[in-house]
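Following: one structure in structure tokens, then a few remarks.
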Amino acid sequence: MTEAILLVGGKGTRLRPLTVHTPKPMIPAAGVPFLTHQLARARAAGVEHIVLATSYLAEVFEPYFGDGSELGLHLEYVTEVEPLGTGGAIRNVASRLRSGPDDPVLIFNGDILTGLDIRALVDTHASSGADVSLHLTRVPDPRAFGLVPTDADGRVQAFLEKPQTPEEIVTDQINAGAYVFRRSVIDEIPAGRPVSVERETFPGLLSSGAHLQGMVDSTYWLDLGTPQAFVRGSADLVQGRAPSPAVPGRCGDRLVLPGATVAPDAKLTGGTVVGERAVIGAGARLSGTTVLADAVIEPGAVITDSLIGAGAVVGARCVLAGAVVGDGARVGPDNELRDGVRVWCGAVIPGAALRFSSDE
């Protein structure tokens, strides 16, 4: 059995206002909390025991997932009193692991949507004899990520954090946020203080002569750290571009959850999700959009690539593109919001009051 640690303690500041009341892994993607997709994929790969490293709004995880038995898992929860970083969070849950010193432990970041072949990563780790194995993916513009050059055999040569100049960009391979650790390596991470695996643990292991192995898997990979990326990831799940056994319905252009009401002439396309008890009014057109539970989209609204929070109201004939409306907010009729505009939770915008983008 391979067990796993899921790092779900981040504050998700780039996703606000979505994360004001909800931790990032619990925001619904394709109808269920995003974390559900990660847990289901891990279980499908043979993982049975997962420890969740929680911190921000930690109290919401266990009431939802319980002991994990409904997913065929055994879940445990460990909460950081003070944020410890990625490495510190891993070390903080070590006492809950059951693995022996040489056994593999999977580690996943809680904000990555990926089609990674999890078993292949574990097999690569075993066959290479590595101390740590990393999932690597290739991206066209790696400047926002940590570069991980490897030799011809896949052995990691360096860790280069967020290069900016052309001379610094020596590879398009980036750290994709999934690892296999030899259990004894976890026990060597300093306890009780913040540690970054990217900036401290991995470079330290490399300088000490440890074997770090990279496996490139570029099937599907998306960092869900921004609202635009989160909405895209949800749409990709609905349309089947991103694999998950946890999507509550058949893949297609739309996903309408139980209890939702959609007017017969409303048009839902592009992987749009309509949450439980949400209402979509007559003539509304939604594409690539996530509408959370109990929200109301009034007649004639046109919404593209946006996220509408739980209990929010978008007025008649509004036009939204790339916008985020927080939980419980009310956008009056005939407003136009584009290009990254965010409406805070509970805010009220009068009718025909706004016509702008975030750059104006």
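No hydrogens, no waters, no symmetry mates; every other heavy atom, side chains included, goes into these values.
Considering OG1 of T124 and CG of L121, their distance stands at 6.5 Å, rounded to 0.5 Å. Taken to the nearest 0.5 Å, the CD1 atom of I189 stands 5.0 Å off from the CD1 atom of I90. Remark: R254 CZ to S287 OG distance equals 12.5 Å, nearest 0.5 Å. Atom CG of residue L160 and atom CD1 of residue I174 lie 13.0 Å apart, to the nearest 0.5 angstrom. The OG1 atom of T19 lies 13.5 Å from the CE atom of M26; values are rounded to the nearest 0.5 Å. Atom-to-atom distance recorded for R241:CZ and R232:CZ is 9.0 Å, nearest 0.5 angstrom.
Nearest approach of G31 to V273, heavy atoms of both residues: N-CG1, 4.0 Å. The nearest pair of heavy atoms linking V195 to P190 is CG2-O, 3.9 Å. Shown here for P248 and L255, the closest heavy-atom pair between the two residues is O-CD1, 3.6 Å. In terms of heavy atoms, G233 sits closest to L224 at CA-CD2, 4.2 Å.
For T54 and T79, the side-chain atoms include at least one donor-acceptor pair closer than 3.5 Å. One side chain, E76 or H49, offers a donor N or O that lies under 3.5 Å from an acceptor on the other. Between Q157 and T150, the side chains place no donor N or O within less than 3.5 Å of an acceptor N or O (distance only, hydrogens not considered).
Between E3 and E48, every side-chain heavy-atom pair lies at or beyond the 4.5 Å cut-off. Counting heavy atoms from C-beta outward, C318 and E336 have side chains that stay 4.5 Å or more apart. For the pair L113/D223, no side-chain contact is recorded, criterion being any heavy-atom separation below 4.5 Å from C-beta on. When side chains are defined from C-beta on, R119 counts as touching D117, because their heavy atoms get closer than 4.5 Å. For the pair L75 and L39, the minimum side-chain heavy-atom distance is below 4.5 Å. Considering only heavy atoms from C-beta on, R41 comes within 4.5 Å of P243 through its side chain. Residues V180 and V105 are not in side-chain contact: their nearest non-hydrogen atoms beyond the backbone lie 4.5 Å or more apart. Considering only heavy atoms from C-beta on, V60 comes within 4.5 Å of P23 through its side chain.
Clustering ILVMFWY residues whenever any of their side-chain heavy atoms sit less than 4.5 angstrom apart, transitively, puts V279 in a cluster other than the one holding V302. Note on L116 and V247: separate hydrophobic clusters, where clusters join Ile, Leu, Val, Met, Phe, Trp and Tyr whose side-chain heavy atoms are under 4.5 Å apart, directly or indirectly. Neither F65 nor I27 shares a network with the other; the hydrophobic side chains, linked directly or stepwise wherever heavy atoms of I, L, V, M, F, W or Y lie under 4.5 Å apart, form separate groups for each. Linking Ile, Leu, Val, Met, Phe, Trp and Tyr whenever their side-chain heavy atoms come within less than 4.5 Å puts V51 and Y179 in one cluster.
Between Y220 and the choices T137, T114, D236, the side chain to side chain donor-acceptor pair (under 3.5 Å) rule is met once, by D236. Under the side-chain contact (heavy atoms from CB on, under 4.5 Å) rule, V325 has a single partner from I303, V341, I308, which is I308. Only one option out of N335, L337, L286 pairs with L320 in a side-chain contact (heavy atoms from CB on, under 4.5 Å); it is L337. Exactly one of V93, L35, V78 qualifies for a side-chain contact (heavy atoms from CB on, under 4.5 Å) with L52. That residue is L35.
In this structure, S218 contributes its side chain and R138 its backbone to a donor-acceptor pair below 3.5 Å. A donor-acceptor pair is defined here as one N or O able to donate and one able to accept, closer than 3.5 Å; such a pair exists between the side chain of W221 and the backbone of A176. With hydrogens and angles disregarded, no donor-acceptor distance shorter than 3.5 Å links the side chain of N109 to the backbone of I112. Not one N or O on the side chain of E62 forms a donor-acceptor pair closer than 3.5 Å with the backbone of G66. Here the side chain of N92 pairs no donor or acceptor atom with the backbone of A89 at under 3.5 angstrom. S234 places a side-chain N or O within donor-acceptor distance of the main-chain N or O of A30, the cut-off being under 3.5 Å. Using a distance-only test at 3.5 Å, with no hydrogens or angles considered, no donor-acceptor pair links the side chain of S69 to the main chain of G72. Side-chain N or O atoms of S99 include none that pairs as donor or acceptor with a backbone N or O of L97 at under 3.5 Å. Checking side-chain atoms of Q173 against main-chain N and O of L136 turns up no donor-acceptor pair under 3.5 Å. Side-chain N or O atoms of D131 include one that pairs as donor or acceptor with a backbone N or O of H211 at under 3.5 Å.
Between R182 and D102, at least one side-chain N (NZ, or NE/NH1/NH2) sits under 4.0 Å from a carboxylate O, which counts as a salt bridge. Ion pairing between D111 and K24 holds under the 4.0 Å rule for side-chain N and carboxylate O.
Ring geometry for F34 versus H37: interplanar angle of 30 to 60°, hence tilted.
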CA sep, side-chain torsions, deciding dist, call: R285, D265, salt bridge (Lys or Arg N to Asp or Glu O under 4.0 Å): CA-CA 9 Å; R285 289 183 288 143; D265 63 344; over 6 Å; no
Residue pair E200, R193: steps toward the salt bridge (Lys or Arg N to Asp or Glu O under 4.0 Å) verdict: CA-CA 12 Å; E200 181 176 345; R193 69 169 177 86; 2.6 Å; yes
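When the ring pair (Phe, Tyr, Trp, His ring centres under 6.0 Å) test is applied to F230, no partner is found at least two apart in sequence or on another chain.
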